[in-house]
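Just so you know, these numbers use all the heavy atoms, side chains as well, and skip hydrogens, waters and symmetry mates. Values in this document were obtained by computation on a predicted structure and should not be read as measured data. All chains are named by letter (A, B, ...) in the order of the sequence lines, taking the proteins before the strands, and each is independently numbered beginning at 1.
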Amino acid sequence: MSAKVKTMERKGASLAEKIYFIEIFRGMATTFGHFWRNLLDNSKLYVRHYPEVEPEIPVRWRGRHRLTAHEDGTVKCVACFMCQTNCPAGCISIEAGERQDDRAEKMPVKFKIDLLECIYCGYCVEACPLDAIRMDTGIYSVTDYNRESFVLGIDDLLRTPGAFSEEEYKKGGA
Amino acid sequence: MSLLDILLVIIRVLFAAFVPLCFIAVCVWMERRGAGFFQDRAGPNRANIFGFRAAGLVQNLADGAKLFFKEDVISDHIEHKFYFVLAPLIIFFTAIVSFAVVPFADTLVLNGKSYIMQGIPLDLGILWFFALAGFSVYGIILAGWSSTNKYGVLGSLRSTAQVISYEIPMGLAVVSLLVVYGTINLNEMAQFQGQLLFGFIPMWGIVLQPIGFVIFLIAAFAETNRTPFDLAEGESEIVAGFHVEYSAMKFAIFFMGEYVALFVSSAIIITLYFGGYQIPFLATDTLISYAKPVAFLLMVALPVIMYFFAGWIRKNNVSHYPRKNDPRVYEANIYIKCFWGLVIVLEIILFAILLFKSGGAAAHIFVVLLQVCTFLLKVTMMIFVYIWVRWTLPRFRYDQLQKLGWQVLLPLALLNIFITSAFVVALS
């Protein structure tokens, strides 16, 4: 079976193109069209007025992390260290402790994520056997003034709610 | 010298020195907002003083303040610190001084005495411009060499080779122009272009010398080191070229010099090929004798233009997203009031001209002001063309650039000289 060959049309060989000027003027007409349209009515600009108008975040977007909880508010995480082991950036550090309720044996006493180290690959979410860590907060802009505030503790991670409903999240393929 | 003589000398020197400087801000602003609009984005429109953004002009102030207060670094590896500091000054100085011979209005006649309207009363004209444009290459060479930096040296070599090879077609294009005009004085050239060809076409250089204009325009783009010939900066290959080692105010002076050069080369193109300060169909003498009807027409036209301009401001100076008590609407109203105030002042001035004796000193001064405005308007339009080209065309490769210069423009310019000379000899 011979490979399918598609011959591409080569541009730039004809005389009209070799003179340059005709093509240059055509290009300049195109750009001027854009300029003139935007000058007359700048509501036609394609760009988003970013800080005021926020982008729509799809469900599968890997935003900032959060820890999920059971209905009674206790943390789902059982401190199995799967996410910490799997993390290519090494940004997760868990300290396990004994669990008082009867759900499991262990629970995290400390659960730190260094967002300055994190590469937002989502491997922690993939690795988690209990769906305890998710990246569905929809937070895409993580900014602050000092390095310390980028290290999230267990309380911060538990506090943030998910941006999407459970149904939508499941549909997203997680 | 009477007091009037001294006053006019001061005025013309100040004009020649400060208008290019003021146009730096205008050029940078046009470049940024223009680039934004060409690419369907907004450009800088956030920096403000008490909520007034002046369509993005405030951004220039912010940038200027930033560059002014930044640390001025001269690295230890630079051996020739004197030349290192000298280089940006050469570029800036030559750019500003080369504007000195460009006439921005026709010779002003007051009380039987004529006052020339250009920075320095020199007859050198276009030669002065060539001399200084050639001299500004030394700034680039010195900057690249004294930086002791490979990128710097490469950038300055590219720029030097480019400017030198494009000076030849540029000079030859001007030679055929000199054959047509018969003078090197820019003011006389502009006066020549006030005539009419066949009685109805303005006798502008572009009509008489279309090929020469194209050659000169391309060469001027190359001389100012702007796209499509900005290989000297080639940020993808040689970082920033000759000014890679410069920071803070020394960089700012390079930057400003570049924009002054842009202004001056626009002014030269306007003077050589677009009639300079001449208003089409209205030569200086005609204007002086018809000063009153022209003033009256302007009095009628100004409010009409302002009405539409106000509508444009009101439409575009709003937030294009839901916002309570949009401050931009308030801002737009203030701008519109300012512009209406300006229009009222202009109307009063024009009305005063209607009151004065026709053909008198007032008419002469009015014509000069009108011509200055025409000149600046034309220059602004030419600068827009530069910006337009910059955001349309990609950069040439180095060999393509040299090929275009030596194998296309040079023969074309020579051919143009022959054709022009033949025409001039045949017609005279």
Side-chain angles (χ1 to χ4, degrees), chain A residues 8-59 61 63-64 137-147 161 163-165, chain B residues 30-31 33-46 53 55-56 210-211 213-215 217-218 221 227-228 308-309 311-324 326-328 332 381 384-394 396 400-401 403-404 407-409 412:
Chain A
M8 299 302 291
E9 191 195 342
R10 303 292 289 190
K11 301 259 184 187
S14 73
L15 183 70
E17 285 161 335
K18 273 193 172 164
I19 298 175
Y20 287 132
F21 274 98
I22 300 162
E23 294 296 310
I24 284 176
F25 281 126
R26 279 178 57 196
M28 285 178 72
T30 306
T31 46
F32 189 77
H34 282 257
F35 174 82
W36 190 243
R37 191 198 59 178
N38 296 325
L39 184 74
L40 290 185
D41 184 1
N42 66 12
S43 66
K44 287 182 179 163
L45 295 168
Y46 289 140
V47 287
R48 184 182 294 118
H49 297 269
Y50 166 59
E52 292 89 5
V53 183
E54 297 197 345
E56 264 184 39
I57 299 298
V59 184
W61 171 268
R64 215 204 72 192
T137 52
I139 298 172
Y140 53 87
S141 162
V142 184
T143 50
D144 216 312
Y145 289 102
N146 51 352
R147 284 167 178 274
F164 311 99
S165 69
Chain B
M30 273 172 72
E31 178 108 84
R33 291 310 301 259
F37 282 169
F38 279 123
Q39 301 171 346
D40 291 326
R41 54 188 177 83
N45 65 347
R46 296 298 171 114
R53 304 165 304 146
I211 302 175
F213 167 67
V214 169
I215 296 166
L217 188 72
I218 294 172
F221 274 102
T227 27
F308 286 108
F309 186 51
W312 179 78
I313 294 179
R314 203 164 274 135
K315 185 172 152 199
N316 287 301
N317 205 60
V318 289
S319 306
H320 295 297
Y321 44 87
R323 195 173 181 187
K324 265 183 197 161
D326 193 351
R328 293 190 184 174
M381 280 155 85
F384 176 75
V385 171
Y386 268 88
I387 290 163
W388 182 11
V389 167
R390 173 162 181 187
W391 299 104
T392 304
L393 300 181
F396 270 67
Q400 291 172 333
L401 171 105
K403 221 176 207 169
L404 181 72
Q407 296 187 355
V408 180
L409 292 185
L412 209 60

Show the numbers, then the answer: is there a side chain to side chain contact (heavy atoms under 4.5 Å, CB included) between B:Trp391 and A:Phe32? CA-CA 10 Å; B:Trp391 299 104; A:Phe32 189 77; over 6 Å; no

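Options A:Asn42, A:Val47, A:Leu39 differ in how many heavy-atom pairs under 4.5 Å they form with chain B, and the most are formed by A:Asn42.
Classification of A:Arg37 and B:Asp40 as a salt-bridged pair holds, one side-chain N sitting under 4.0 Å from a carboxylate O. Using a 4.0 Å cut-off between charged nitrogen and carboxylate oxygen, A:Glu54 and A:Arg48 do not count as a salt-bridge pair.
Contacts of B:Ile218 with chain A are made by side-chain atoms alone, with heavy-atom separations under 4.5 Å and no backbone atom involved. Contact annotation for B:Val408: neither backbone nor side-chain heavy atoms come within less than 4.5 Å of a heavy atom of chain A. With a 4.5 Å cut-off on non-hydrogen atoms, B:Trp312 touches chain A through its side chain but not through its backbone.
Counting heavy-atom neighbours within 6.0 Å of A:Tyr140 OH, excluding the residue itself, gives a total above 12.
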